[in-house]
Amino acid sequence: MGKEVLTVRVRIKEALEVKGSSNGATMILFDGDCDCDNFKGKILPGGVDTQRIGEDGLVSLSARYIMEGVDRNGQACRIFIENNGKILADGSMATRPYVLTDSAALKFLEDASLTGTVEGAPEGVVIHIFD
């Protein structure tokens, strides 16, 4: 794993579920914040993580959200994150984040080969994104 570039604290607000005849899907609505060296800000309304069980029996996840705040140079900016991954058999989560930003200082995140991990927290999870 490389250097941690973003740490996002997610607070789960609501979970919506549907169970089909052979599978189910859950949409988890959330907010949260980020307070690290590269970025300080909050998740804007509309953050959602969609989870469903795949044919391999593992839960796939796809979270999408926009954060608004200031970059490491103190400039106002927004960051879009799409974080796709799987919940592995041991309960751990491995993700591949995709980032878009209007920050000149953080443009490197758009082309970086990012990886992510997710750990439990009292109100939700903490997402660690590495370059």
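For the single chain, residues carry numbers from 1 onward in sequence order. Being a predicted model, the structure only gives us computed values, none of them experimental. These numbers come from the heavy atoms of this one structure, side chains and all, not from hydrogens, waters or symmetry mates.
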From CA spacing to verdict: salt bridge (Lys or Arg N to Asp or Glu O under 4.0 Å), R11, D33: CA-CA 9 Å; R11 287 181 300 275; D33 60 83; 3.0 Å; yes
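- In this view, S92 and D90 satisfy the side chain to side chain donor-acceptor pair (under 3.5 Å) rule, not counting sequence neighbours.
- Partners of D71 by side chain to side chain contact (heavy atoms under 4.5 Å, CB included), not counting sequence neighbours, listed by chain and number: N73, Q75, C77, S103, A105, L106.
- Contacts classified as ring pair (Phe, Tyr, Trp, His ring centres under 6.0 Å) and involving residues 65-113 (residues at least two apart or in different chains) are given here: F30-Y65.
- Residues passing the side chain to side chain contact (heavy atoms under 4.5 Å, CB included) test with N23 are I53, sequence neighbours excluded.
- Under a 4.5 Å side-chain heavy-atom cut-off, the cluster of Ile, Leu, Val, Met, Phe, Trp and Tyr residues that includes I12 is completed by I28.
- Counting only distance, with no hydrogens or angles, the side chain of E17 and the backbone of M27 share no donor-acceptor pair below 3.5 Å.
- With no hydrogens or angles considered, no side-chain donor-acceptor pair links T7 and R9 at under 3.5 Å.
- Residues in residues 39-64 take part in no ring pair (Phe, Tyr, Trp, His ring centres under 6.0 Å) pair, two or more places apart or across chains.
- Test V118, D31, V125 against V10 for side-chain contact (heavy atoms from CB on, under 4.5 Å) and you get one pass: V125.
- By the 4.5 Å heavy-atom criterion applied to side chains, E82 and N84 are counted as neighbours.
- In this structure, L114 and V99 have side chains that are in contact, with non-hydrogen atoms separated by less than 4.5 Å.
- Side-chain polar atoms of N38 and R72 form a donor-acceptor pair below 3.5 angstrom.
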